[in-house]
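Written below as structure tokens is the structure these notes are about.
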Amino acid sequence: MVMNKILNILKGWYYKLFNKEEHLANKRLPICRQCPHKINIALGESCGLCGCVLDAKTRVKDEHCEIDKW
């Protein structure tokens, strides 16, 4: 389980850097941006519950919202 999370984080950053899976981010990011748990950090917008950078996390098909919004 921990290994899957690490792989998803790496995938998310790869997708973000190379602008892949943008269709997923376009559906998920607006939901995250309305969430009260969203916080702004130096790397961009982050989830206050899991700590992931949202523009990376929302691009990974196998990821999910911690409070099941997507």
Side-chain angles (χ1 to χ4, degrees):
M1 179 120 164
V2 172
M3 200 61 171
N4 283 341
K5 185 65 173 178
I6 292 169
L7 288 174
N8 282 346
I9 290 169
L10 293 173
K11 260 194 252 184
W13 279 100
Y14 172 82
Y15 293 162
K16 177 179 169 37
L17 290 172
F18 293 99
N19 209 27
K20 296 186 178 287
E21 301 297 335
E22 194 169 354
H23 65 282
L24 280 177
N26 288 339
K27 289 189 333 190
R28 294 173 172 180
L29 268 175
I31 296 167
C32 293
R33 287 185 173 136
Q34 298 298 313
C35 183
H37 299 288
K38 179 193 73 81
I39 57 175
N40 293 317
I41 60 171
L43 296 173
E45 298 165 319
S46 178
C47 176
L49 298 175
C50 69
C52 290
V53 174
L54 294 174
D55 195 26
K57 179 177 182 162
T58 57
R59 293 172 184 267
V60 180
K61 181 176 73 168
D62 297 335
E63 278 296 321
H64 67 280
C65 170
E66 297 297 315
I67 53 176
D68 296 322
K69 290 188 173 196
W70 50 263

Table please: side-chain donor-acceptor pairs of residues 38-46 below 3.5 Å, with sequence neighbours left out.
residue : atom : partner : partner atom : Å
Lys38   : NZ   : Asn40   : OD1          : 3.4
Glu45   : OE1  : Arg33   : NE           : 2.8
Glu45   : OE1  : Arg33   : NH2          : 3.3
Glu45   : OE2  : Arg33   : NE           : 3.2
Ser46   : OG   : Gly51   : O            : 3.3
Ser46   : OG   : Cys52   : O            : 3.1

Query raised in the report: Is any side-chain heavy atom of Lys57 less than 4.5 Å from a side-chain heavy atom of Cys32?
Result: no
Query raised in the report: Is the backbone of Leu54 close enough, under 3.5 Å, to the side chain of Arg28 for a donor and an acceptor to pair up by distance?
Result: no
Would you list the atom pairs, donor with acceptor, under 3.5 Å between side chains in residues 63-70 and any protein atom, with sequence neighbours excluded?
residue : atom : partner : partner atom : Å
Glu63   : OE1  : Lys5    : NZ           : 3.1
Glu63   : OE2  : Asn8    : ND2          : 3.0

Please set out all donor-acceptor pairs under 3.5 angstrom arising from side-chain atoms of residues 9-26, sequence neighbours excluded.
residue : atom : partner : partner atom : Å
Lys16   : NZ   : Asp55   : OD2          : 3.1
Asn19   : ND2  : Glu22   : OE1          : 3.2
Asn26   : ND2  : Glu22   : O            : 3.3

